[in-house]
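A short worksheet on the structure shown next.
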Amino acid sequence: MKKIALDKLRNIGIIAHIDAGKTTTTERILFYTGRTYKLGEVHDGTATMDWMVQEQERGITITAAATTCAWKDIQINIIDTPGHVDFTIEVERSLKVLDGAVVVFCGVGGVEPQSETVWRQADRYEVPRIAFVNKMDRTGSNFFEVIDQMHKRLAANVAAIQLPFGKENDFKGIIDLVENKLCLYQDDLGKDFETVDVPADLTAEVDRLRNVMIEKIAEVDDKMMEDYLHGKQISVEQIKSTIRSTTIANKFVPVLCGSSFKNKGIQLVLDAVRDYLPSPLDLPPIKGTNPDTGEFEEIKTSESAPFCALCFKVATDPYVGKLNYIRVYSGTLTAGSYIQNATKRERERVTKIVKMHANRQEIVESITCGEIAAAVGLKETKTGDTLCTEKNPILIEAMRFPEPVIQQAVEPKSKDDQEKLGMALHKLEDEDPSFRVVYNQETGQTLIAGMGQLHLEIIIDRILREFNVAAQVGTPQVAYRETLKKKVTIVGKFISQSGGRGQYGHVVLEMEPQETPGTGITFEDKIKSGAIPREFIPAVKQGIMGAAKSGVLAGYPVTDVRTILVDGSYHDVDSSELAFQMAGSLAFTDGMRKANPVLLEPIMDMEVIVPEEYMGQVIGDLSSRRAKIISLAQRFNLRTIRANVPLAEIFNYATSLRSLTQGRASYTMEPSFYTEVPGHVAEKIVAGFSTAGVRRNL
């Protein structure tokens, strides 16, 4: 592959709400850049990027797929991400390593709940982005309404740099406000278009909207503001360079329009990626910490700098084994070389390097800074691990993985399938950090946990078809949590004398609720005057963390508890790490019993889009499910209901909603937060646990 200069490289992601047209947009990009010679369609199951059988059958993207293409003088590395909330980890880990993003919005649906989610994810990783309002050919599409929603719901500084020419079925082309020209498409394939002057009857409106665009850019750029206020002529080159600088600085988001399915506007999106999104050189250096000193260091974007990369995805290939997708931040990686996994302090050897085109591989000898590729041969490296040279160790900040909210039991149908099931689950857990597997010693059950019903459904389908394992699955269950309500001081003692050397561990713990929900279990050491020797402190923490895996009410994991080790004592001969581990465990369990323990349940943020005539029935049904209605709004000729609903109440909600509305309503939801389970519901859960004698662990 021809070597490309760093300033000509673009690493971008296509992100959006489900069904906004991400994969269709990516397919058109591949076609117009010459990467593919036939248009793939999602609805036909022929999309290049949706290569998994499960994706083709369902017409949705499940896993983020990477590819590379060229446009004019630049090379674009693209990651097409899923839109369904169950697979939000794919968006999260892609944004971590990307330099820019194209956010796709539906011209009819506008800013939808998952649009807000991916926008917030891009905000968290400070990813510069451009917006593409798709489906402008659809009945009910409204470009300016979508922009208005972006202002209100995303609080984003956005402005149109393009306008649709024609409406709905009459959508024929795109007016470029920067160049002040009209692009008219001549054929259905979208390859032939001509650039002409804006029609005279539209000139006044186009000039007005061009001024709105300039004002929005000038608000965040002092030089343009000064020129604009003094009435100076602002050139096309100045507008382009200012859009680029303000977009890269995350101060402005240019909005484009088109119709991917009808092949209109994609070349202009590619031009915008080239003109406005950053190269690796345009962004600040990545910061990391030296694992030896703990000091912050900057990773310089340079081929001559020491090698440093982040593994952001793991996939299993039936022919080459494990593929570790990596983004190189500095230096060069050559096939056959040895590197260090700085996260695990393990030496690794890269046997082969491949550039990915969805599921197809192209072997390359080396990759350099700014590039995205997959490494073969890494044995210990997982998602989020930093790879570097052994002489220059550095750690890049790890990714944040969401907690699973739903679980179910899975077991092999025969003894022959037992080992195969274990291997399949291990590989799937390696691939997906939001998927968890736990073997419950007390019940003999293997529990799998994920982000939603679809997530687990896909996992089980892959176990059956991809790994050829015959397995039975239980019904989905809610992943409850336990926590405490008041502060307690508790003593934990473990004393054992059975002839010879005994065991002695004594700790005093303070336990209290965390100030911020979602913090988890924290441990602080405030031992003074050597009441407990330093070497036993980690054992106390280990005992606490072990005990927190199973609560006292119904065996669910404990969360949001602050533990402080304040005192204790030891014996010169009998004290050991095991004794203090047991003392910490006993103290924590006893403290939970005495601190008003409560159950927590996951609450989903749900949006239901429903015709007006069915709104009353839907609200009544939601209320019966313990839902809290947050807002009601109008979206074109439909009503939207935003609500917080306990996950336990909405299993198989799709079936109920279809029957209530004759199949005319739709909904989306995502995990939002945990809250205390009402007393009467908690009593049933605890009673069920006591009767079954089963402890559930995640």
Side-chain angles (χ1 to χ4, degrees), residues 14-28 41-43 47 59-61 82-85 102-119 129-154 156 158 160 162-175 185 190 253 255-266 268-269 606-615 618 631-642 654 657-658 661-670:
I14 313 290
I15 61 175
H17 181 90
I18 191 168
D19 204 32
K22 296 177 303 301
T23 302
T24 303
T25 302
T26 309
E27 292 299 318
R28 271 44 180 185
E41 300 293 358
V42 174
H43 58 272
I60 62 170
T61 302
H84 198 286
V85 68
V102 178
V103 190
V104 183
F105 295 89
C106 173
V108 180
V111 178
E112 298 176 270
Q114 188 66 4
S115 309
E116 295 180 47
T117 302
V118 297
W119 194 273
R129 67 215 82 151
I130 59 176
F132 174 58
V133 181
N134 191 22
K135 304 188 181 183
M136 293 311 304
D137 61 305
R138 288 265 295 272
T139 303
S141 61
N142 190 324
F143 181 63
F144 295 104
E145 173 67 22
V146 177
I147 290 180
D148 189 50
Q149 289 179 12
M150 291 172 72
H151 281 298
K152 290 176 180 174
R153 296 189 185 182
L154 305 176
V158 301
Q162 295 176 357
L163 302 175
F165 180 68
K167 194 176 180 183
E168 299 175 351
N169 288 333
D170 293 325
F171 177 61
K172 296 187 180 74
I174 293 157
I175 297 170
Y185 283 85
V253 179
V255 184
L256 297 82
C257 62
S259 170
S260 298
F261 184 59
K262 292 294 177 70
N263 311 311
K264 292 179 175 67
I266 302 303
L268 300 180
V269 170
M606 174 186 276
E607 184 174 83
V608 184
I609 302 173
V610 59
E612 180 91 40
E613 60 264 35
Y614 298 109
M615 194 169 80
V618 171
S631 66
L632 301 173
Q634 187 91 27
R635 184 176 291 177
F636 308 117
N637 59 340
L638 299 169
R639 297 301 295 268
T640 62
I641 305 164
R642 195 79 177 260
L657 188 63
R658 273 197 295 268
T661 63
Q662 298 181 6
R664 293 176 62 195
S666 63
Y667 78 98
T668 55
M669 64 179 183
E670 62 177 324

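One distance of note links CD1 of Ile266 with OG1 of Thr24; it measures 9.0 Å at 0.5 Å rounding. Going from atom CE of Met150 over to atom OG of Ser115 covers 9.0 Å, rounded to the nearest 0.5 Å. Between the CG atom in Asn134 and the CG atom in Leu256 there is a gap of 11.5 Å [rounded to 0.5 Å].
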**Q.** Full working for side chain to side chain contact (heavy atoms under 4.5 Å, CB included) between His17 and Asp19
**A.** CA-CA 6 Å; His17 181 90; Asp19 204 32; 5.6 Å; no

Q: Show your working on side chain to side chain contact (heavy atoms under 4.5 Å, CB included) between Val133 and Phe144 and close with a plain yes or no.
A: CA-CA 10 Å; Val133 181; Phe144 295 104; over 6 Å; no

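Within the 3.5 Å criterion, the main-chain N or O of Ser260 finds a donor-acceptor partner in the side chain of Arg28. The backbone N or O of Ile174 sits nowhere less than 3.5 Å from a side-chain atom of Tyr185 that would complete a donor-acceptor pair. No donor-acceptor pair under 3.5 Å is formed between the side chain of Ser141 and the backbone N or O of Asp137. The backbone N or O of Gly140 lies less than 3.5 Å from a partner atom in the side chain of Glu168, making a donor-acceptor pair. Arg153 contributes a side-chain N or O that, together with a main-chain N or O of Val111, makes up a donor-acceptor pair within less than 3.5 Å.
When side chains are defined from C-beta on, Ile641 counts as touching Val618, because their heavy atoms get closer than 4.5 Å. Put simply, the side chain of Met136 does not reach to within 4.5 Å of the side chain of Lys262, judged on heavy atoms. Here the side chains of Trp119 and Arg129 are in contact, with some heavy-atom distance below 4.5 Å. Residues Arg639 and Gln634 have side chains in contact (heavy-atom distance under 4.5 Å, counting atoms from C-beta outward).
Between Cys106 and Ala20 the shortest heavy-atom distance is N-CB, 4.2 Å. Closest heavy-atom contact between Pro164 and Phe143: CD-CD2, 3.6 Å. Of all heavy-atom pairs spanning Ile147 and Ala160, the tightest one is CD1-CB, 3.6 Å. Here the closest non-hydrogen pair linking Phe105 and Ala131 is CE1-CB, 3.8 Å.
Just one residue in the list Val103, Thr25, Ile14, Leu268 forms a side-chain contact (heavy atoms from CB on, under 4.5 Å) with Phe132, and that residue is Thr25. Of the options Glu145, Lys152, His151, a side-chain hydrogen bond (donor to acceptor under 3.5 Å, both in side chains) to Gln149 is made by Glu145 and by none of the others.
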